Amino acid sequence: QVRPVESGGGLVQAGGSLRLSCAASGSTFGTYTMGWFRQAPGKEREFVAAIAWRASRTYYTESVKGRFTISRDNAKNTVYLQMNSLLPEDTAVYYCNAAQQGGSRWYALDDYWGQGTQVSVSA
C-alpha cells in the first residue's frame, strides 16, 4: 500500500518560493491522479492542485492559479508543487494524496493522511 511522504516545507517571507515533494513509500502512485491538499489553522482541509498520470492535465484552485505549478515524475514516483509568490494566506500544512474530481469539487481517495509538510509565510 502506497504511503506518500511529503517534504520541502519551511518558513519564508511573502513573495518567496518553496518546492514541495511527495514521494511514494512502499508502492507506487501508478496511474492515479495525484493531488495536493492543505489545512490552515482553524480551517478544514482544502484542495490545492492535482495532476493526471500523463501530466498532460493539471488542475488548480482559483487562489493559487498563476503562482503554483504541480508536476510529477512517474519514474521516480514523485509529485511536486512549485510555489511562487507565496502569501501569508498560503500558510498551512500541505498533504498529498490520490485525488478524484466529483462535480466541481476534489476529494482524496485514500483515508490515510501523513504528517504533511508545514509551510509558513510571514508578512
Side-chain angles (χ1 to χ4, degrees):
Q1 185 176 1
V2 64
R3 287 287 183 263
V5 179
E6 303 93 343
S7 63
L11 175 62
V12 299
Q13 293 184 330
S17 299
L18 285 172
R19 190 192 190 202
L20 307 184
S21 297
C22 175
S25 177
S27 187
T28 68
F29 295 136
T31 60
Y32 287 111
T33 293
M34 296 299 299
W36 284 95
F37 300 79
R38 67 186 181 186
Q39 186 168 25
K43 296 185 178 181
E44 65 180 11
R45 189 177 293 109
E46 66 173 346
F47 168 79
V48 177
I51 184 168
W53 174 49
R54 287 188 287 271
S56 59
R57 297 176 180 176
T58 57
Y59 313 85
Y60 301 92
T61 191
E62 189 67 29
S63 64
V64 308
K65 288 181 178 178
R67 300 189 298 119
F68 292 9
T69 302
I70 188 171
S71 61
R72 69 191 296 168
D73 186 333
N74 294 332
K76 295 182 178 180
N77 296 303
T78 304
V79 182
Y80 306 95
L81 185 67
Q82 178 66 46
M83 306 185 295
N84 299 324
S85 302
L86 283 163
L87 301 170
E89 301 92 285
D90 296 317
T91 295
V93 177
Y94 285 69
Y95 306 87
C96 66
N97 207 323
Q100 182 178 38
Q101 188 175 18
S104 61
R105 305 182 67 181
W106 283 87
Y107 305 87
L109 291 178
D110 200 329
D111 291 334
Y112 171 82
W113 295 97
Q115 295 298 308
T117 185
Q118 176 71 54
V119 172
S120 298
V121 185
S122 61

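Sequence positions, counted from 1, serve as the residue numbers for this chain. Values below: all heavy atoms of this structure, side chains included; hydrogens, waters and symmetry mates excluded. These numbers were taken from a predicted model, which means no experiment stands behind them.
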For [X] and [Y], indicate whether the former's side chain and the latter's backbone hold a donor-acceptor pair under 3.5 Å.
{"X": "Gln39", "Y": "Lys43", "answer": "yes"}
{"X": "Asn74", "Y": "Asn77", "answer": "no"}
{"X": "Thr78", "Y": "Lys76", "answer": "yes"}
{"X": "Tyr32", "Y": "Gln100", "answer": "no"}
{"X": "Arg67", "Y": "Ser63", "answer": "yes"}

Roughly how far apart are [X] [atom1] and [Y] [atom2], rounded to 0.5 Å?
{"X": "Met34", "Y": "Leu109", "atom1": "CE", "atom2": "CG", "value": "9.0 Å"}
{"X": "Thr58", "Y": "Arg72", "atom1": "OG1", "atom2": "CZ", "value": "12.0 Å"}
{"X": "Leu87", "Y": "Ser122", "atom1": "CG", "atom2": "OG", "value": "11.5 Å"}

Verdict with reasoning, Val48 to Val64, per side-chain contact (heavy atoms from CB on, under 4.5 Å): CA-CA 7 Å; Val48 177; Val64 308; 4.3 Å; yes
Name of the residue among Trp113, Tyr95, Tyr107, Tyr94 meeting ring pair (Phe, Tyr, Trp, His ring centres under 6.0 Å) with Phe37: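 Of all the options given, the one that passes is Trp113.
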Same cluster (ILVMFWY, side-chain, under 4.5 Å), Val121 and Phe68: yes
Transitive ILVMFWY side-chain link Val119 to Val5, under 4.5 Å: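 Not linked; separate clusters.
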Quiz item: cation-pi between Arg105 and Phe47, 6.0 Å / 45°: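 Ring-cation test returns no.
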Less than 3.5 Å apart, which donor and acceptor atoms pair up between the side chains of residues 6-25 and the rest of the protein, not counting sequence neighbours?
| residue | atom | partner | partner atom | Å |
| --- | --- | --- | --- | --- |
| Glu6 | OE1 | Gly116 | N | 3.3 |
| Glu6 | OE2 | Cys96 | N | 3.0 |
| Ser17 | OG | Asn84 | OD1 | 2.9 |

Are [X] and [Y] packed together at the side-chain level, in the sense that at least one heavy-atom pair is separated by less than 4.5 angstrom?
{"X": "Trp36", "Y": "Asn97", "value": "no"}
{"X": "Arg38", "Y": "Arg45", "value": "no"}
{"X": "Asp73", "Y": "Tyr80", "value": "yes"}
{"X": "Val79", "Y": "Ile70", "value": "yes"}

